[in-house]
Chemist: 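Got a structure for you, written out below as structure tokens; questions coming shortly.
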Amino acid sequence: MRALASVLLVVLLALPVLAQPGFPPVSFTSVRSPVPRGGEGMVAIKTSPSTLCSIAVIYASGQSRAAGLYPKNADTQGLVTWTWKVGTRTTPGVWSIVIECGKDKITRVRTSFEVR
């Protein structure tokens with residue numbers, strides 16, 4: 001079952017989000033999963049160059065306040081990467097990652113990762 005879940009995650013990461021006109025395109029290029037408690041989470045996206053993007057990692061206890069989870073501008077290639085430390089007492093399970101990119105017209109994408 002875990003192998004199927006990993007394959008599905010890879011397939012979903014390969015699918016671009018079709019943005020409406022004026023909204024920035026956003027696609028996941030990498031998500032580290034699973035991550036051990038105490039390990040380092042990582043997610044990378046591709047969007048339009050210089051687009052401002054924010055991230056929220058949502059656990060059972062609520063939104064993470066880990067260092068590294070702050071808004072970033074995409075580089076000249078449109079790439080943004082976030083890394084953060086997963087707490088040693090984080091509840092194991094599958095948790096959400098929500099990315100928002102844009103200023104006036106915002107594209108929101110969601111994926112998940114597993115904490116073991």
Side-chain angles (χ1 to χ4, degrees):
M1 186 68 168
R2 287 184 194 260
L4 177 59
S6 295
V7 169
L8 288 174
L9 180 60
V10 170
V11 169
L12 290 174
L13 288 175
L15 297 174
V17 173
L18 299 175
Q20 297 177 22
F23 289 76
V26 181
S27 59
F28 290 96
T29 59
S30 183
V31 177
R32 184 175 295 148
S33 183
V35 178
R37 290 187 287 174
E40 188 174 73
M42 187 277 301
V43 63
I45 63 160
K46 182 163 177 62
T47 187
S48 301
S50 302
T51 300
L52 181 63
C53 298
S54 62
I55 183 171
V57 176
I58 314 293
Y59 297 118
S61 59
Q63 186 170 334
S64 175
R65 292 187 212 125
L69 298 177
Y70 54 86
K72 294 184 177 184
N73 284 305
D75 67 14
T76 57
Q77 302 300 309
L79 302 175
V80 183
T81 301
W82 288 272
T83 58
W84 67 96
K85 182 163 179 164
V86 174
T88 57
R89 295 185 291 167
T90 299
T91 304
V94 177
W95 306 112
S96 295
I97 299 171
V98 180
I99 307 285
E100 291 184 345
C101 295
K103 186 176 178 183
D104 297 324
K105 295 184 178 183
I106 297 173
T107 300
R108 178 183 293 158
V109 293
R110 179 183 303 261
T111 192
S112 59
F113 76 112
E114 181 182 6
V115 174
R116 288 191 182 165

Chemist: Can V43 and W84 be said to form a side chain to side chain contact (heavy atoms under 4.5 Å, CB included), step by step?
Modeler: CA-CA 9 Å; V43 63; W84 67 96; 4.0 Å; yes
Chemist: With a 4.5 Å limit on heavy-atom distance, are the side chains of I99 and C101 in contact?
Modeler: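 Result yes, sub-4.5 Å side-chain heavy-atom pair found.
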Chemist: Should I97 and I55 count as side-chain neighbours, where that means a heavy-atom distance under 4.5 Å?
Modeler: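 The answer is yes, as the side chains (C-beta and beyond) meet within the 4.5 Å cut-off.
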Chemist: Going by side chain to side chain donor-acceptor pair (under 3.5 Å), name the residues that satisfy it together with W95, two or more places apart in sequence or in a different chain.
Modeler: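 W95 satisfies side chain to side chain donor-acceptor pair (under 3.5 Å) with no residue once adjacent residues are dropped.
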Chemist: Do you know which two heavy atoms are closest between E114 and S33, and how far apart they sit?
Modeler: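 Reported closest heavy-atom pair: N-OG, 2.9 Å.
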Chemist: To the nearest 0.5 Å, what is the distance between NZ on K46 and OG1 on T29?
Modeler: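 Rounded to the nearest 0.5 Å, the NZ-OG1 separation comes out at 9.0 Å.
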Chemist: Contact between V80 and D75 at the side-chain level, heavy atoms closer than 4.5 Å - yes or no?
Modeler: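 No. Closest side-chain heavy atoms not under 4.5 Å.
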Chemist: Does any non-hydrogen side-chain atom of W82 lie less than 4.5 Å from one of K72?
Modeler: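 Sidechains of W82 and K72: in contact.
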Chemist: Run the side chain to side chain contact (heavy atoms under 4.5 Å, CB included) test on V26 and C53 for me, step by step, so that the C-alpha distance in whole Å, both residues' side-chain angles and the decisive distance to 0.1 Å come before the verdict.
Modeler: CA-CA 10 Å; V26 181; C53 298; 5.5 Å; no
Chemist: How long is the gap from CD on Q77 to OG on S50, to the nearest 0.5 Å?
Modeler: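 Separation between the atoms: 10.5 Å.
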Chemist: Where do A44 and T81 come nearest, in terms of heavy atoms and distance?
Modeler: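 In terms of heavy atoms, the two residues are closest at CB-OG1, 3.6 Å.
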Chemist: Can you give me the closest heavy-atom contact between L52 and P71, atom names plus distance?
Modeler: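 For L52 and P71, the tightest heavy-atom pair comes out as CD1-CB, 4.0 Å.
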Chemist: Thinking salt bridges, do R108 and E100 make one under a 4.0 Å N-O criterion?
Modeler: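 Counted as a salt bridge, because a side-chain N and a carboxylate O are separated by less than 4.0 Å.
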Chemist: Within the distance-only criterion (no hydrogens, no angle test), does the side chain of T107 pair as donor or acceptor with the backbone N or O of P24 below 3.5 angstrom?
Modeler: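 Yes, the answer is positive, given that a donor and an acceptor are paired below the 3.5 Å cut-off.
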Chemist: For residues V86 and F113, determine if any side-chain heavy atom of one lies less than 4.5 Å from a side-chain heavy atom of the other.
Modeler: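 Contact flag for V86/F113 side chains = yes.
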Chemist: When rounded to the nearest 0.5 angstrom, what distance separates OG1 in T47 from CG in L79?
Modeler: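 It is 10.0 Å, given to the nearest 0.5 Å.
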Chemist: Side chains of Y59 and T91: does their closest heavy-atom pair fall under 4.5 Å?
Modeler: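 With C-beta onward as the side chain, the pair stays apart.
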Chemist: Quick one, M42 and V31 - any side-chain contact, counting heavy atoms below 4.5 Å?
Modeler: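 M42 vs V31: side chains apart.
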Chemist: Is any side-chain heavy atom of L69 closer than 4.5 Å to a side-chain heavy atom of S64?
Modeler: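 A side-chain contact under 4.5 Å exists here.
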Chemist: If you count the non-hydrogen atoms of other residues, nucleotides and ligands that lie under 6.0 Å from CZ in R37, is the total more than 12?
Modeler: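 Counting other residues, nucleotides and ligands, CZ of R37 exceeds 12 neighbours.
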Chemist: Does K85 have more than 12 heavy atoms from other residues, nucleotides or ligands lying within 6.0 Å of its NZ?
Modeler: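 No - once you tally the heavy atoms of other residues, nucleotides and ligands closer than 6.0 Å, there are 12 at most.
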